[in-house]
Every structure is written in structure tokens, then in C-alpha cells.
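The next block holds one structure in the form of C-alpha cells; read it before the comments.
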There are 2 protein chains.
Amino acid sequence: MTASSAEERLARWRTALQAHGYRLTAARRAVLRVLARSERALDATQIFDLARRQAPGLGLVTVYRTLEALQALGLVQRVHCNTHCASYVAAEPGHQHLLVCRGCGRVWYFGGDDLGSLMQSVAGESGFVVEDHWLQLVGLCEACRQAEQAEGSRSGCKEEAVK
Amino acid sequence: MTASSAEERLARWRTALQAHGYRLTAARRAVLRVLARSERALDATQIFDLARRQAPGLGLVTVYRTLEALQALGLVQRVHCNTHCASYVAAEPGHQHLLVCRGCGRVWYFGGDDLGSLMQSVAGESGFVVEDHWLQLVGLCEACRQAEQAEGSRSGCKEEAVK
DNA sequence: CCTGAAACTGAAAATCGTTTTCAATACGAG
DNA sequence: CTCGTATTGAAAACGATTTTCAGTTTCAGG
């Protein structure tokens, strides 16, 4: 993700919130900034810690409430893993499939629209109407894989998981 | 799922647990019975309520511990939805993909092994090593769809979500 | 610019699902 | 049957999320 696209996203989010009657407060701005710029899925506490640097008085409650709003507008997407079940990333419209690194938590989106035929065949057989789908690949990114192989090495991907 | 396959599964689970040094207690038997016979993904509390009919003294803690064991042996699979994040169904070996009805919670498995190529191409481009994947389709089954269309009708699929 | 109504805020308390602790009990190998 | 050990349920601890509430901030309209 380039820096500019993060800033564009940030601007888009602010516009979208205001267009839906939400007010733009300092607290919300800080939360938006953190999430819009992150390459990783972050949970409420991580967002809280990062956003508080920009908005010192910020409360955790506000983070939850802002996440709720962003989710309602479809601007962020929830990421489930077997452990962390409530992390969020910026939603990339049209790219719903996730690639999650279990080492550093970074998230990438990818296409793979060949799922359409799969869903149709499932629907055809059973009368099931598919409304939503959910494809997530979990593994290790290049950097984390190298760090894991160099056991005990101090230079790794994990350590900077939240900067 | 036929009744006999549920009983077969139950027998398999009991054998597997004992083979791995777990003891077969009345409490565990009740939890196994509930989960092995269920067509739906159930969370800890639902299992607790159902299993307590067969084992009155049962504690919720034991449900959690039994789920942990079943999961460790790969006998049940966790189901994530946007709401319930910790429900479990019997794992069907070799069929990892889920079809979940948002109405009644019933779960079906399906094939779709064409994901292999998808994962390879993802890995090839990025150096990412995919260790696990997670495909879930959410929608409405035939029965729930009909029930939803007949708005206000009392005969539905939802009502018997947990019998 | 003001001004005021409504949205928003953070702190504290309540709540929910899950885990830990612990003394008593039940399993099952021998 | 007996014994060592895994397992049990109750209670307490715990972490994450939600609710409550009184004070504050935003922003549309004058």
C-alpha cells in the first residue's frame, strides 16, 4: 500500500462519515488515521494504543464506537483468526479475499473471482442462497518465514508488529 | 446427515479420545453426543444447555474443556460468523469448506478443491507460504428462505434452531 | 462570528464469554 | 478391588466489550 492511497482512503472515510451524519471529532480523526494507514489488522486495544499518541485523552470506548461506525459503513472489514477474532482492516472495495500473515499480522487482498462458479454450483444443488462469502488464507509472509528460520535471531518481522 | 452416520461419528470420537489417553466420563459422553448429532454449529452455552439434559450435574467449564480436546484431535471445527465467533461443528475429514445458514445455523460441507491452484498462485507471486485456508459461504437454506418470504408465518426454520 | 440542540466524549460500572484455581470425585489400568 | 491420576464442578479471576451518565464538543442556523 502506498502512502498516498492511505491518505486518499483517509479522506474518503472522513467524507463518508460526515455524509452519513457522523460528526468529525478529534478522537474519531485519530482512530481513522491509525486504521487507514495500517497494513495490518488491528484490534481495539492496538488501535487505542496507537491513536492515543495523537489524541492523548482518547478512551477505549470511543475506539469501539468508531469501529462500529466504520463497520456499519462498510469501510473496514473484520478479520477472524483462530486466536484473534476481532481485528479490523480497511476494506478494499471489490477485493474481499484476505491473505493474513500469522507472524506479523499484515494483510493483503487478492482477487480470485473464480469463486462465482463455485457458489453457483453450491446454490444450484441445494436451493441455498449464498449471500456472503468469506475466504481467508493464513500463513507466513516472506519476511516472517525468514525470521522464523533464523531461530533466535533478533531481527524479525514479528517485533515491529505494532510500531 | 443420516442418524446412523451421527452414531458412527460418535463411536469414532469415543475411540479417538480413549486412544489419546482421554478418559470417557459421563460429562464428556453427553457433550460428545450433543455435538456429534447436531447438524448445526453450536456454541459452548448451547452445548451446555443441551448436554445438561443428559448429564444434570454438568458444568459449563467441562464443556469448554471437552471442546478443547475435540479441537486438539481435529474432530470438530470452529465456525466464525460476524456475530457468533466461537461455534463448533463436527469436522468432516477432507471437506473443509462450509456452507452456513444464517437463519437456522445448519452447516453443510462441500468440496471445491480447485482452491489449490488459487493458493499456489498467491504463494508464487509473493513468497507467502499458505498454511491454512478458510472458506465459508453464508446464506439462507431452502427452508429458511421460504420461511422468510412468508413473513409473519409461524412455521419456520429459525424457531427450532436449538431443539 | 454566536448559540443551542443533539451528538459525542471519557470514566466507571455492568456484563459477557472464557480461563484459572482448587478440593473432591470418578476412571480404568493393574 | 485398589490406587494413582485425570477429571470434575463451584467459585473466583480474567479480558474484552457494552452500558450508563454527566460533562463537552460539533456544527447548522441565525
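Here the structure is a predicted model, which means the values were calculated and not measured. Within every chain, numbering begins at 1; the chains are lettered A, B, ... in the order of the sequence lines, protein sequences first and strands thereafter.
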Check: B:R9 side chain, B:A36 main-chain N or O, donor-acceptor pair, under 3.5 Å:
yes

Taking only side-chain nitrogens and oxygens of A:R28, does any of them come within less than 4.0 Å of OP1 or OP2 of C:dT9?
yes

Does a salt bridge link A:R145 with A:E148, judged by any charged N lying under 4.0 Å from a carboxylate O?
no

C:dC27 phosphate, OP1 or OP2, under 4.0 Å from B:T25 side-chain N/O:
no

Ring-ring centroid check A:H80 B:W134, cutoff 6.0 Å:
no

Validation row: B:H97, B:H133 side chains within 4.5 angstrom (heavy atoms)
yes

Could you check whether any side-chain heavy atom of B:T66 comes within less than 4.5 Å of a side-chain heavy atom of B:Y22, counting everything from C-beta outward?
no

Take nucleotides 16-23 of chain D nucleotide by nucleotide from the 5' end and write B, S or -, depending on whether a protein heavy atom sits under 4.0 Å from the base, only from the sugar-phosphate, or from neither.
SBBBB---

Should A:L73 and A:V34 be counted in the same cluster of Ile, Leu, Val, Met, Phe, Trp and Tyr side chains packed under 4.5 Å apart?
yes

B:F48 CZ to C:dC16 P, straight-line distance once rounded to whole Å:
16 Å

Report the distance from atom CZ of A:R52 to atom C1' of C:dA11, rounded to the nearest whole Å.
12 Å

How would you list all residue pairs meeting salt bridge (charged side-chain N to carboxylate O under 4.0 Å, His left out) that involve residues 132-141 of chain A, not counting sequence neighbours?
none

Using a strict heavy-atom distance below 4.0 Å, which residues from residues 11-24 of chain B are in contact with DNA chain D?
B:Y22, B:R23

ILVMFWY network linking A:L50 to A:Y64, side-chain heavy atoms under 4.5 angstrom:
yes

Atom CG of A:L58 to atom P of C:dC8: distance rounded to whole Å?
15 Å

Separation of B:Q46 atom CD from C:dG17 atom P, in whole Å?
11 Å

